[in-house]
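First comes the structure, then the notes that go with it.
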Amino acid sequence: MTETIEPMMMGEDDKQALAHRLVDQAREAGVDLVGPGGLLTGLTKQVLEAALEEELTGLFGHLVGSEGRGVIGVG
């Protein structure tokens, strides 16, 4: 069974402040908030890639493509 973790150890006020900072920075940089190339798209991609990397490292004991490459036929 897959375990779940508690949400980030930030208070709701801190989470909301972080979200507002990201939105403000995106707007200042002329980045759309949604859609291709938007803040939400990029942030979602980075979070999913980081989570997948952690899962693969946990399963294989190393980053796929790093030392140990090809040991189990990956890479």
Side-chain angles (χ1 to χ4, degrees):
M1 177 177 226
T2 302
E3 292 183 38
T4 59
I5 61 170
E6 292 296 317
M8 289 175 48
M9 302 308 291
M10 294 174 73
E12 289 302 313
D13 290 340
D14 291 333
K15 289 182 210 177
Q16 193 165 26
L18 176 59
H20 283 286
R21 245 185 1 250
L22 289 170
V23 169
D24 289 344
Q25 288 176 356
R27 285 190 172 143
E28 287 173 11
V31 174
D32 289 333
L33 299 180
V34 295
L39 172 67
L40 185 58
T41 303
L43 187 57
T44 301
K45 179 181 182 286
Q46 288 184 322
V47 169
L48 289 174
E49 286 176 352
L52 180 58
E53 184 176 292
E54 289 296 318
E55 286 293 316
L56 291 174
T57 299
L59 288 172
F60 300 123
H62 59 84
L63 289 175
V64 174
S66 65
E67 65 180 72
R69 180 181 173 157
V71 170
I72 56 174
V74 177

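Predicted model only: the values in this text are computed from it and were never measured.
From L52, atom CG reaches atom OG1 of T57 across 9.0 Å, with rounding to the nearest 0.5 Å.
Scanning for salt bridge (Lys or Arg N to Asp or Glu O under 4.0 Å) contacts around E55 gives an empty result, with sequence neighbours left out.
Closest non-hydrogen pair, M10 versus K15, comes out as O-CE, 3.2 Å.
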Please set out all donor-acceptor pairs under 3.5 angstrom arising from side-chain atoms of residues 22-36, sequence neighbours excluded.
none

